[in-house]
Amino acid sequence: MKSNKEKINLDIYFKLLNKPIFRMEDVNKYYDNISSARTSVYRLIQLGKVKKIRNNLYTCVVGENGGMNANRFQIACAINDTAYVSHHTAMEYYGITDQVFNDVYVSSKSKFEEFEFDGYRYHYVKPSIDIGVKAIKYSGGISVTDKERTVLDCIKDLGKISGLEEVIANIEDIGKLNEKKLLNYLKEYGNQFLYQKTGFFLSMYNEQMKISEAFFEECKKNIGKSKRYLTKNNGTNIYSSEWKIIVPKKLQMKNGGTADAII
């Protein structure tokens, strides 16, 4: 027979199930006594009904298999008030990639210490711009970079977060993009190398993306005169004078372009 205290705690548990993620302040709404709220959460953890994600961040355990009430995207966006999913984790959210990574990339205005929970490691990424983020309705608190911002972030941080093959696969599968958004974000970044890389990558898949020539001309206006390596590569490279960029030879010029030189 369950004790009165256990019944009370289970009553609180069923109320907390309405929130994928909760903090101690949320529990205290039912007590108006922070000490009692802490005791209640502690007992629920002992009962196996609640898991502590990190300091003052909790989720309920649901089902017989001990699954979490919150998914990794909801957890990421609950880390702080400005947190949102970015980079290849955003690609995962959109279903662009069928590969599930154990690393979750989170951008926010305030830095947080990386942590692990339920098999995932949550990494902080300092954002360079603040636009291009959308809150998803009825998602339990998920905010994510839109597809245009996600593509640019992955290209910008190529080699730091995502590898070359992964970035290419994501761009190949992402479908049509909004040119105005892309140019707006590129202007906000103000990064010549990003213009170069973006123009190069998107031109490879322009047959399905249907991006206008005006977009590529705008990119070319902003690439400067510097010749840059796409990646750190010790093997044979090829040079594209169109984008003033040096890329690994194994990367096929799918836009039909030819290398001006083998390096």
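For this chain, numbers begin at 1 and follow the sequence in order.
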With a 3.5 Å cut-off and sequence neighbours excluded, list the donor-acceptor pairs that the side chains of residues 134-143 form with protein atoms.
from	atom 1	to	atom 2	distance (Å)
S139	OG	I136	O	2.7
S139	OG	I142	N	3.0

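For E25, the side chain to side chain contact (heavy atoms under 4.5 Å, CB included) partners are R23, N56, not counting sequence neighbours. Partners of N206 by side chain to side chain contact (heavy atoms under 4.5 Å, CB included), not counting sequence neighbours, listed by chain and number: M209, I211, F216. For Q192, the side chain to side chain contact (heavy atoms under 4.5 Å, CB included) test picks out R228, with sequence neighbours left out. A search for side chain to side chain contact (heavy atoms under 4.5 Å, CB included) contacts involving K220 returns E213, E217, E242, W243, not counting sequence neighbours.
By the 6.0 Å and 45° rule, K51 does not stack over the aromatic ring of Y58. A cation-pi contact, defined as under 6.0 Å to the ring centre and within 45° of the axis, is absent between K197 and F201.
Contact annotation: the side chain of N222 never approaches that of N191 to less than 4.5 Å [non-hydrogen atoms, C-beta and beyond]. Between R72 and F117 there is no side-chain heavy-atom pair separated by less than 4.5 Å. At least one side-chain heavy atom of I155 sits under 4.5 Å from a side-chain heavy atom of I171. Counting only heavy atoms from C-beta outward, the side chains of I161 and V125 approach each other to under 4.5 Å. A 4.5 Å side-chain heavy-atom check between E166 and T97 finds every atom pair outside the cut-off. K126 has its side chain out of reach of K111: every pair of non-hydrogen atoms, C-beta onward, lies at least 4.5 Å apart. Between F115 and I79 the shortest side-chain heavy-atom distance falls below 4.5 Å. Using a 4.5 Å cut-off on side-chain heavy atoms (C-beta onward), I223 and I245 make no contact.
For T89 (side chain) and V85 (main-chain N/O), no donor-acceptor pair under 3.5 Å exists by modelled atom type. With hydrogens and angles ignored, the 3.5 Å screen pairs a side-chain donor or acceptor of T82 with a backbone N or O of K109. Using modelled atom types, one side-chain atom of T39 and one backbone atom of S35 make a donor-acceptor pair closer than 3.5 Å. For D146 (side chain) and V133 (main-chain N/O), no donor-acceptor pair under 3.5 Å exists by modelled atom type. Between the side chain of E179 and the backbone N or O of S212, at least one donor-acceptor pair lies under 3.5 Å. A donor-acceptor distance shorter than 3.5 angstrom exists from the side chain of Q196 to the backbone of K244, with no hydrogens or angles considered. The backbone N or O of V167 lies less than 3.5 Å from no partner atom in the side chain of N170, so there is not a single donor-acceptor pair.
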Legend entry - side chain to side chain contact (heavy atoms under 4.5 Å, CB included) between I246 and L230, intermediate numbers included: CA-CA 6 Å; I246 301 162; L230 178 64; over 6 Å; no
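Under 4.0 Å is where a charged nitrogen must lie from a carboxylate oxygen, and between R54 and E113 no such pair does.
In terms of hydrophobic clustering, with Ile, Leu, Val, Met, Phe, Trp and Tyr side chains grouped at heavy-atom distances under 4.5 Å, I96 and Y185 are assigned to a common cluster. Residues Y30 and Y13 fall within the same hydrophobic cluster, defined by Ile, Leu, Val, Met, Phe, Trp and Tyr side chains chained together at heavy-atom separations under 4.5 Å. Y42 and V61 are not part of a single hydrophobic cluster, where members link through side-chain heavy atoms under 4.5 Å apart. Placement of L182 and F193 within a single hydrophobic cluster is found when ILVMFWY residues are connected by side-chain heavy-atom separations under 4.5 Å, directly or transitively. Under a hydrophobic clustering in which Ile, Leu, Val, Met, Phe, Trp and Tyr are joined whenever their side-chain heavy atoms come within less than 4.5 Å, directly or via other members, I34 and V27 fall into the same cluster.
In this structure, P20 and T59 approach most closely via the heavy-atom pair O-OG1, 2.7 Å. Taking both residues in full, the closest heavy atoms of K227 and Y239 are given as CE-OH, 3.5 Å, listed atom of the first, atom of the second, then distance. Q208 and E172 make their closest contact through NE2-O, 3.6 Å (heavy atoms, listed as atom of the first residue, atom of the second, distance). Scanning both residues, L17 and N69, for their nearest heavy atoms gives O-ND2, 3.2 Å. Heavy atoms only, all atoms of each residue included: C154 and S162 are closest at SG-OG, 4.4 Å. Between A90 and V144, the shortest heavy-atom distance links the atoms CB-CG2, 3.6 Å.
The environment of N18 atom CG is dense: over 12 non-hydrogen atoms of other residues, nucleotides or ligands sit within 6.0 angstrom. For CD of E114, the number of neighbouring non-hydrogen atoms (other residues, nucleotides, ligands) closer than 6.0 Å is greater than 12.
For the side-chain hydrogen bond (donor to acceptor under 3.5 Å, both in side chains) condition, the pairs that include at least one residue of residues 148-161, sequence neighbours left out, are Y84-R149, H87-D157, T145-T150, R149-D153, R149-Y189, D153-Y189.
In this structure, the separation between OH on Y94 and CD1 on I174 is 8.5 Å, given to the nearest 0.5 Å. In this structure, S108 OG and D130 CG are separated by 10.5 Å, a value rounded to the nearest 0.5 Å. Here the CG-CG distance, from L47 to L10, works out to 6.0 Å after rounding to the nearest 0.5 Å. Here the CZ-CG distance, from F22 to L57, works out to 9.0 Å after rounding to the nearest 0.5 Å. The OG1 atom of T198 sits 5.0 Å away from the CG atom of L186 when rounded to the nearest 0.5 Å. A distance of 9.0 Å separates CG of N102 from CD of E116, quoted to the nearest 0.5 Å.
Each of F101, F112, Y105 was scored for a ring pair (Phe, Tyr, Trp, His ring centres under 6.0 Å) with H123, with one residue passing: Y105.
Y120 and N71 form no side-chain donor-acceptor contact under 3.5 Å, judged by distance and modelled atom types alone.
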